[in-house]
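In what follows, chains are A, B, ... by sequence order, proteins preceding strands, each numbered from 1.
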Protein chains: 2
Amino acid sequence: MAWDTERTKGLLLEAATSEFCARGLAGARIDRIAAEAGVNKERIYQYFGNKNALFDAVIVAALSTLMDEVPIEGNGPEAMADYAGRLFDHHQTDATAPRLLFWEGLERGTDVVGLPKRMANCASKVNSTIAALPGISREDAGDLLITIVSLCDAAPVLPALDGLMAGGGPDRAERRRAAVVRTVYLAAAALAAEAKAPAATA
Amino acid sequence: MAWDTERTKGLLLEAATSEFCARGLAGARIDRIAAEAGVNKERIYQYFGNKNALFDAVIVAALSTLMDEVPIEGNGPEAMADYAGRLFDHHQTDATAPRLLFWEGLERGTDVVGLPKRMANCASKVNSTIAALPGISREDAGDLLITIVSLCDAAPVLPALDGLMAGGGPDRAERRRAAVVRTVYLAAAALAAEAKAPAATA
DNA sequence: GCAGTTTCCAACTAAGTAGTTGTAATTGTT
DNA sequence: AACAATTACAACTACTTAGTTGGAAACTGC
């Protein structure tokens with residue numbers, strides 16, 4: 001049998017993503033990751049170093065690529081609302097990224113890994129936002145993105161909130177989606193309007 | 001020395017709150033909780049049962065009381081914006097509740113504990129929202145509250161997002177607060193307006 | 001002050017846990 | 001084919017963990 005190092009690495013990273021996503025850094029088990037990947041756990045230490053470094057690799061791989069998977073397209077507040085809707089849908093079908101993001105925030109705090117790549121990705125999103133809402137400040141663009149991420153990513157991580165607050169009817173997900181999209185539209189429209197008439201708040 | 005059961009329980013609950021808040025259910029250590037409380041860990045099992053049940057007790061104690069600590073006061077969209085601002089400030093000085101909320105969401109999913117009490121608290125908040133925005137539907141009120149909670153609670157749990165998205169200047173917290181308050185105001189105002197002219201979207 | 005109960009703790013147990021090691025199989029190179 | 005390097009794994013180690021136990025100290029009612 002031929003050794004396929006890249007395939008083994010990929011299997012481990014995939015299994016680790018699933019395990020860390022479900023249980024976080026402290027709750028994840030190296031043995032479980034190795035078993036799920038069908039690989040001996042010693043390979044983890046050869047390829048990734050240790051549990052923390054494997055978590056790093058998972059975070060960087062999962063969060064960096066997400067930025068490209070759901071792009072900001074079009075112009076005006078509608079474009080930002082549409083982006084929020086697509087991000088919401090994406091997280092609804094695959095909660096990996098939001099869960100990893102919150103695991104990282106809770107377990108790592110401000111100790112963020114893979115900074116250069118992620119800062120570049122965020123800057124790219126900020127620039128897309130500025131392009132969609134001409135005249136908006138860089139800080140307002142960042143704030144709008146934080147708002148979008150907060151709304152879209154919190155939903156799958158706090159699944160109980162829907163039932164607790166809104167009763168959890170059959171079409172809850174759609175209603176929540178509509179609320180997020182509308183909220184983002186309103187916030188983006190206000191920033192766009194302010195950018196055209198800056199005297200109002202100065 | 002006189003035994004003070006309630007005090008011992010309180011010390012354990014306080015230490016457990018701090019430990020679970022910082023490290024979550026999987027990351028928390030029974031030994032650390034007992035040591036921080038200055039109490040033998042065997043007491044935990046006598047008073048609370050086991051680690052999971054202690055986590056339950058912490059969650060219920062911390063999240064249920066929060067609802068009363070930051071009330072919804074006044075009328076109109078301004079009242080909801082003001083509520084969001086006070087909730088944001090509260091979480092900024094003490095991130096216990098948001099962190100526990102997200103730990104619970106990540107580690108427990110929809111398996112929520114203390115349901116009756118928490119549902120009552122949420123229903124009370126929904127009623128306050130309906131009182132502040134007359135004519136609004138119960139579901140829209142719940143959605144607005146989810147929006148507020150998402151925005152206010154995500155901020156302290158994702159401390160790195162500010163730096164990543166908005167550069168993290170000196171007055172970042174204040175700017176983020178202003179963005180949250182304004183977003184909530186816009187969302188609440190839109191719902192209030194719709195409640196007065198329901199034909200627009202029907 | 002004395003039996004019965006409760007609070008408390010040091011020490012213990014059984015089951016994981018991350019990380020390592022020794023060794024065999026595979027591969028590329030000469 | 002002989003060699004060194006790489007990939008792989010079963011077994012192992014040192015340590016941590018949640019949960020338990022046996023008995024001492026303090027309280028209660030009499």
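Following rounding to the nearest Å, Leu11(B) (CG) and dC9(C) (P) show an atom-to-atom distance of 11 Å. A straight line from CZ of Phe55(A) to C1' of dA18(C) spans 16 Å, rounded to a whole angstrom.
Take Tyr83(A) and apply the ring pair (Phe, Tyr, Trp, His ring centres under 6.0 Å) test, not counting sequence neighbours, and it matches no residue. Scanning for ring pair (Phe, Tyr, Trp, His ring centres under 6.0 Å) contacts around Phe88(A) gives an empty result, with sequence neighbours left out.
Listed by first and then second residue, the side-chain hydrogen bond (donor to acceptor under 3.5 Å, both in side chains) pairs that reach into residues 120-134 of chain B are Asn127(B)-Arg138(B), sequence neighbours excluded. Within the structure, side-chain hydrogen bond (donor to acceptor under 3.5 Å, both in side chains) pairs that include any residue of residues 9-28 of chain A comprise Glu19(A)-Arg32(A) (at least two apart or interchain).
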Per-nucleotide protein contact string for nucleotides 6-19 of chain D (B base, S sugar-phosphate only, - none; heavy atom under 4.0 Å): -BBBB------SBB
When the side chains of residues 146-156 of chain A are checked against the rest of the protein, which donor-acceptor pairs come out under 3.5 Å, sequence neighbours left out?
| unit_1 | atom_1 | unit_2 | atom_2 | d |
| --- | --- | --- | --- | --- |
| Thr147(A) | OG1 | Asp143(A) | O | 3.0 |
| Thr147(A) | OG1 | Arg176(B) | NH1 | 3.4 |
| Thr147(A) | OG1 | Arg176(B) | NH2 | 3.2 |
| Ser150(A) | OG | Ile146(A) | O | 2.8 |
| Asp153(A) | OD1 | His91(A) | NE2 | 2.8 |

